[in-house]
Amino acid sequence: MKMRSMVWPFLAAMGCGATAAQDSAGKRPNIMLFMVDDMGWQDTSVPFTPEATDNNRKYLTPNMERLARSGMRFTQAYACAISSPSRCSMLTGANAARHGVTNWTLHRDRPEDGRNDSIAMPDWNYNGISRVGSINNTFVGPSFVQELKDSGYHTIHVGKAHFGAFDTPGESPHHWGFEVNIAGTAAGGLATYLSERNYGHDDAGNKLAPNAIEGLEKYWGTGTFATEALTREAIKTLDKAKKYNQPWFLYMAHYAIHVPIDRDPRFYRKHLDRGLSEKEAAYASLIEGMDKSIGDLLDWVEANGEADNTIVIFMSDNGGLAASTEWRDGEPHTQNAPLRSGKGSLLEGGIREPLIVRWPGHTPSGSECDRYVMIEDFYPTILEMAGIDPEASDHYGHAIDGRSFVPLIDGTGDPSADRALIWNYPHVWGLEGPGIDLNCAIRKNRWKLIYNYATGRKELYDVVSDIGETRDRAAELPDLVRQLSVELSDSLRSAGAMRPILKSTGKPLPWPDAR
């Protein structure tokens with residue numbers, strides 16, 4: 001890849017910038033992708049809005065602040081509404097409508113769908129993704145991690161995988177090009193964060209639940225919270241990697257802050273003393289424990305002289321949980337305010353995520369980008385950062401839906417201009433709320449259209465001026481609704497997207513442009 005010119009000025013109209021620097025001594029950069037589970041856009045003291053919000057003041061994330069001060073915040077970064085679709089898109093570069101892993105996966109040949117009396121779920125790819133076509137209901141796709149490995153990177157996976165169902169090739173991070181795997185399985189959550197409960201095992205080592213965390217036996221009964229145990233293991237892998245004289249890629253994929261909302265004893269009392277309820281103090285303690293992990297890893301790269309040659313990317317896989325009174329206090333669907341709704345929803349609270357990128361010599365310190373990006377964009381972006389030309393790579397014969405957002409970092413272009421982002425969730429999740437269940441959506445420029453397969457309802461929002469999606473403009477702007485409905489339908493058809501099925505007829509429900 002030719003290095004892009006770094007002499008561009010800040011592009012104020014784009015909200016993004018560039019600096020004049022080259023990679024240190026021509027070395028290929030180390031890359032750390034720090035992925036959090038179920039973390040909402042506002043579950044941090046780092047503001048992604050012009051002014052800090054009540055939620056920003058509620059949480060303590062000093063190391064996210066530290067990362068943001070030295071990097072670039074992306075205020076309109078998107079993922080899918082549920083974990084598996086996001087992680088499969090990240091790894092393969094394919095939009096969820098294309099890879100068809102549109103709900104969460106766990107057991108082989110067992111769709112994890114809710115039920116509806118009149119509507120059946122489509123025959124989606126409930127076995128996940130794979131690089132071989134030997135299993136039914138699986139999307140066969142490429143892996144950016146394999147491309148990194150093939151080009152000379154040492155590749156490390158720590159934490160949650162959730163790429164394929166149990167007993168399928170895709171469940172193992174090794175299948176995707178990771179040379180090291182710590183605790184990554186088909187499980188999408190965890191039984192418990194507590195070492196006192198052996199992270200979900202009995203004393204004989206038997207799993208008490210399918211989502212018991214594997215590979216952390218040395219920490220059983222030690223009082224080490226799972227987030228801390230995974231961080232320590234990640235640092236051990238980096239200690240070893242520095243001896244290899246090759247660049248490394250670390251995928252630090254925490255199970256935090258997924259349920260169960262166990263209390264992290266290092267931080268729980270502090271948040272009670274700050275006036276939070278027991279549930280909210282437990283939630284805040286999970287967030288702060290995750291934040292400590294960022295700090296420990298940033299400390300490691302600094303102490304080992306790698307800070308100037310290490311890219312750090314921070315992201316979450318879907319919005320924060322807001323539909324469960326079991327785990328959260330307050331009125332449901334408001335926990336991600338000013339965004340509406342949360343995990344499982346195609347409203348902004350379910351899909352807009354905190355994204356921070358620190359690329360020394362490229363991201364101006366404390367900068368912000370207000371253009372939108374999508375989870376599948378990580379594939380070409382990380383390849384380009386690693387010096388692999390995404391345009392020249394054949395991706396093992398597969399098309400890539402993602403677009404590199406390096407031009408947004410260095411100020412040479414705007415890949416979001418007139419771009420349509422697509423979501424497809426033709427499922428019943430299990431928890432109810434605004435924007436949840438049997439929906440698809442398109443965002444283009446400032447407008448977002450959400451279409452419900454079951455009711456035929458279309459909602460239109462200007463998500464730039466109405467971030468809380470409080471004013472449905474569909475009745476006011478019928479021509480725009482028709483235009484976006486056609487583009488959404490065409491995109492879904494082109495990707496081979498699946499639709500729910502009306503049980504009485506056995507036929508799929510209509511596309512958005514049919515009503």
Side-chain angles (χ1 to χ4, degrees), residues 32-39 60-61 63-64 83 87 155-162 171-174 178-242 248-270 282-301 303-304 312 314 316-317:
M32 182 191 308
L33 174 53
F34 195 103
M35 182 68 68
V36 189
D37 198 10
D38 289 4
M39 181 182 181
L60 301 178
T61 56
N63 292 294
M64 282 188 68
S83 175
R87 292 167 190 267
T155 52
I156 305 163
H157 182 287
V158 180
K160 172 175 170 174
H162 210 196
E171 72 169 311
S172 171
H174 293 302
F178 286 102
E179 295 171 293
V180 176
N181 172 38
I182 297 168
T185 68
L190 71 170
T192 175
Y193 293 87
L194 302 178
S195 69
E196 297 86 339
R197 298 178 184 172
N198 299 339
Y199 308 122
H201 298 80
D202 65 20
D203 290 338
N206 301 305
K207 293 173 67 171
L208 299 175
N211 57 353
I213 306 177
E214 299 179 7
L216 299 180
E217 291 81 3
K218 69 183 74 174
Y219 297 99
W220 290 4
T222 64
T224 309
F225 207 70
T227 309
E228 177 69 16
L230 292 171
T231 304
R232 292 181 188 178
E233 290 301 297
I235 289 173
K236 288 178 183 178
T237 67
L238 294 180
D239 285 337
K240 191 172 184 179
K242 71 181 181 180
W248 48 260
F249 170 73
L250 169 63
Y251 180 47
M252 182 71 250
H254 274 295
Y255 286 98
I257 51 179
H258 196 285
V259 298
I261 310 300
D262 289 331
R263 301 168 180 177
D264 189 329
R266 299 171 294 175
F267 309 106
Y268 174 69
R269 173 54 58 182
K270 175 200 302 185
Y283 192 78
S285 76
L286 280 184
I287 291 172
E288 191 165 359
M290 173 278 300
D291 183 77
K292 177 185 179 296
S293 177
I294 301 170
D296 291 346
L297 291 167
L298 292 178
D299 288 347
W300 187 93
V301 297
N304 286 272
V312 181
F314 179 99
S316 173
D317 64 347

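Model, not experiment: these values are computed from the prediction. Quick note: residue numbers are just sequence positions, from 1.
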Can you find a side-chain donor-acceptor pair between Ser172 and Asn181 that sits under 3.5 Å? no
Check the side chains of Trp220 and Asp203 for a donor-acceptor pair under 3.5 angstrom, ignoring hydrogens and angles. no
Nearest heavy-atom approach of Val158 to Ile156 is CG2-CG2, 3.9 Å
Spacing of Met32 atom CE and Leu297 atom CG [to the nearest 0.5 Å]: 4.5 Å
Just one of His162, Arg87, His258 clears the side-chain hydrogen bond (donor to acceptor under 3.5 Å, both in side chains) bar with Asp317, so which one? Arg87
Test side chain to side chain contact (heavy atoms under 4.5 Å, CB included) applied to Phe314 and Val36, step by step: CA-CA 8 Å; Phe314 179 99; Val36 189; 3.5 Å; yes
What residue pairs, at least two apart or across chains, pass salt bridge (charged side-chain N to carboxylate O under 4.0 Å, His left out) with a residue in residues 284-301? Arg66-Asp299, Glu228-Lys292, Lys270-Glu288, Lys292-Asp296
Heavy-atom pair with the smallest gap, counting every atom of Ala212 and Gly200: CB-O, 3.3 Å
Ser195 side chain to Gly223 backbone, donor-acceptor under 3.5 Å: yes
Please find the pair of heavy atoms, one from Phe225 and one from Arg266, that lie closest to each other, and give the distance. CB-NH2, 4.3 Å
Heavy-atom closest contact (Met39 atom, Ile257 atom, distance): CA-CD1, 3.6 Å
Could you go step by step and tell me if Trp248 and Thr237 meet the side chain to side chain contact (heavy atoms under 4.5 Å, CB included) rule? CA-CA 10 Å; Trp248 48 260; Thr237 67; over 6 Å; no
Indicate yes or no for a side-chain donor-acceptor contact from Asn304 to the backbone of Trp300 under 3.5 Å, with no hydrogens or angles considered. yes
Ala229 and Tyr199 have their tightest heavy-atom pair at CB-OH, 3.8 Å
With side-chain hydrogen bond (donor to acceptor under 3.5 Å, both in side chains) as the test, pick out the partner of Lys160 among Asp37, Thr185, Asn211. Asp37
Say whether, by atom type as modelled, one donor and one acceptor occur between the side chain of Asn63 and the main chain of Ile294 under 3.5 angstrom. no
Parallel, tilted or perpendicular: ring planes of Phe178 versus His157, cut at 30 and 60 degrees: perpendicular
